[in-house]
Enquirer: 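Right, I'll just put the structure down here and ask away after.
Chain letters run A, B, ... following the sequence lines, proteins first and then strands; every chain starts at 1. Not measured: the values here are computed from a predicted model.
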Amino acid sequence: MVDQQSRLQLSSIPLTEAEIDRRKKIVDLSGEDLSRIITLRDMVAQQTDRYTDAFFQYLDDLGEAPALFGKREVLEEAKRRKREHLAAMTAAQYDRNYVEQRIALALLYSRHGVSTPVFLGAFYQLLRALGNDIMKSLAKDPNDAFKRFMSLKKVAFFDIGIMTDVLISERERTINLQQDAIRELSTPVLQIREGLLILPIIGMIDSQRAKQLTDGLLRSIRANRARMVVMDITGVAAVDSKVANHLIQTIAAARLMGSTVIVTGLSADVAQALVALGVDLGKISTTGDLQSGLEEAERMLGYRTVRANEAMGPRLSA
Amino acid sequence: MAIPILRQGDLLIASLQAAPTDQDLIQLKDELAERIGHFRSRMVAIDVSALDVMDSFATRTLRGIAHATKLRGANTVIVGIQPDVAFAMVQLGLTLDGIETALDLDEGLARMRPQQDGGTPDDR
């Protein structure tokens, strides 16, 4: 229960009276509708189990929500909530409590792999069953039956509005969490010699990532006392003027901290794109590939790389 | 409060404290230009690591100091620009082009020594 409560808080729907009223207004739910819906109460109450089973039978047949049927207690929980829903739906009390229950049910669906279209399909089946029964029970006055059904449909759309909002926002939340995780992994700054850092950049650079990249690099320069940085953009497929500008700004900031940046791995496409954009690259040193960038950086730091046998050679002959 | 200038051999070190006023900076500029001649200094290091803001006036004054000391026969290095300050400066277009910068005082002096000892500048 605690868990459910905290999840309700997380949901994107503000549970205020004003919001609930707004949603009622959107579906045009009037007092007349409420009195019509109440008349359906007994009919629905007699058939609750049948509607509920039909709803979940449909989901099961569709095979789109296996996670919901994998665990018996989850399914029972969902069925219980659906029965409650049917009772509440015809009780014509669409208050805060009703909305909370809709949100809780949507969260349960979302956790067990029911997607928005599948949910909508199942809900349609439920409505159809309800509609058929209403028409049958009032066969003498189809006009009246139709009106009652349309009133009930307003509530159905009220519910759908809430449920799809929750399903979509839950999905967005998952995507955001994954993106954060990827972003954290995406731009490592690595020291490969004393005073020499490499910064391999792979993938798309958006503005948030660019900011993180700059922050990470400048802080690493200070922490590692780096004099040279090799920024490798072999893995960047496309560079627009915004990204290019940001890279140039980062390089200028690194220089202010006393560090020289060499950019390596500009692909043919990227190089041509930068020229076409007219980006001023005059102040940036570049080399073709990572290897020559590292060699250049090491040379500037005063390192000389020799093969072990070459280094040994003169000493042995002397 | 005036900015203190320390002397060590042919080296002058000015260490800026938090938030110097424009007046302080102008006074530093005048005093450095004066003392370079007086002490026959060859190097000037300006430490800005205590600053968390560098406005355009401060940047312009530092640039002016670097150029004036060059004319008076000494090299200037600006040391200790903080990461946030550096990026803010770049976004304001204050990039100190052509002026030597270094991570801290230690690094700045190491960078200037080879030139001063008559060796060739190794990297630029």
Side-chain angles (χ1 to χ4, degrees), chain A residues 189 191 193-197 199 207-208 210-230 242 244-262 279-285 287 293 295-304, chain B residues 16 43-56 58-63 66 75-115 117 119-124:
Chain A
V189 184
Q191 170 157 337
R193 293 257 187 284
E194 203 183 312
L196 171 55
L197 300 178
L199 173 66
S207 57
Q208 195 183 350
K211 193 180 170 320
Q212 199 176 31
L213 189 143
T214 308
D215 271 11
L217 177 65
L218 297 186
R219 275 168 224 301
S220 299
I221 286 174
R222 193 168 60 169
N224 298 303
R225 303 181 55 79
R227 285 181 55 198
M228 298 291 308
V229 177
V230 176
K242 219 169 118 193
N245 249 328
H246 196 93
L247 290 181
I248 289 171
Q249 287 186 336
T250 305
I251 292 165
R255 199 197 76 84
L256 283 177
M257 293 182 64
S259 197
T260 308
V261 178
I262 299 176
V279 177
D280 178 15
L281 294 161
K283 290 169 195 156
I284 297 177
S285 43
T287 63
E295 284 166 2
E296 173 77 0
E298 286 177 340
R299 196 182 61 73
M300 283 181 166
L301 285 170
Y303 290 106
R304 196 162 56 95
Chain B
L16 270 60
M43 295 187 295
V44 176
I46 301 174
D47 185 357
V48 296
S49 50
L51 301 191
D52 46 21
V53 159
M54 277 271 259
D55 60 11
S56 62
T59 312
R60 203 165 66 232
T61 311
L62 291 183
R63 184 199 298 275
N75 288 319
T76 297
V77 62
I78 293 172
V79 303
I81 298 178
Q82 300 296 314
D84 295 339
V85 178
F87 198 67
M89 285 172 71
V90 170
Q91 284 186 321
L92 293 171
L94 311 170
T95 49
L96 289 174
D97 285 334
I99 292 164
E100 193 80 35
T101 51
L103 187 73
D104 56 21
L105 193 57
D106 212 22
E107 190 75 39
L109 298 185
R111 194 165 290 195
M112 301 190 85
R113 284 288 174 203
Q115 301 175 33
D117 292 342
T120 52
D122 61 342
D123 55 12
R124 50 196 75 209

Enquirer: Looking only at non-hydrogen atoms, find the nearest pair between A86(B) and A253(A) and report the distance.
Expert: CB-O, 3.5 Å
Enquirer: Would you compute the distance between atom CG of L103(B) and atom CD1 of I221(A) and round it to the nearest 0.5 angstrom?
Expert: 8.0 Å
Enquirer: Ignoring hydrogens, what is the shortest heavy-atom contact between L218(A) and P83(B)? Give both atom names and the distance.
Expert: CD1-O, 3.4 Å
Enquirer: Closest approach of M257(A) and Q82(B), non-hydrogen atoms and distance?
Expert: SD-C, 4.4 Å
Enquirer: Using a 4.5 angstrom heavy-atom cutoff, name the option from D106(B), D97(B), I78(B) with the most pairs to chain A.
Expert: D97(B)
Enquirer: Which residue in the set T250(A), D215(A), L256(A) passes side-chain contact (heavy atoms from CB on, under 4.5 Å) when paired with F87(B)?
Expert: T250(A)
Enquirer: D104(B) versus chain A, heavy atoms under 4.5 Å apart: side chain, backbone, both or neither?
Expert: side chain
Enquirer: Is there a donor-acceptor contact under 3.5 Å from the side chain of T101(B) to the main chain of R255(A)?
Expert: yes
Enquirer: So with a 6.0 Å cut-off around CD of E194(A), is the heavy-atom count from everything else above 12?
Expert: no
Enquirer: Looking at CZ of R227(A) and CZ of R111(B), how far apart are the two atoms once the value is rounded to the nearest 0.5 Å?
Expert: 5.0 Å
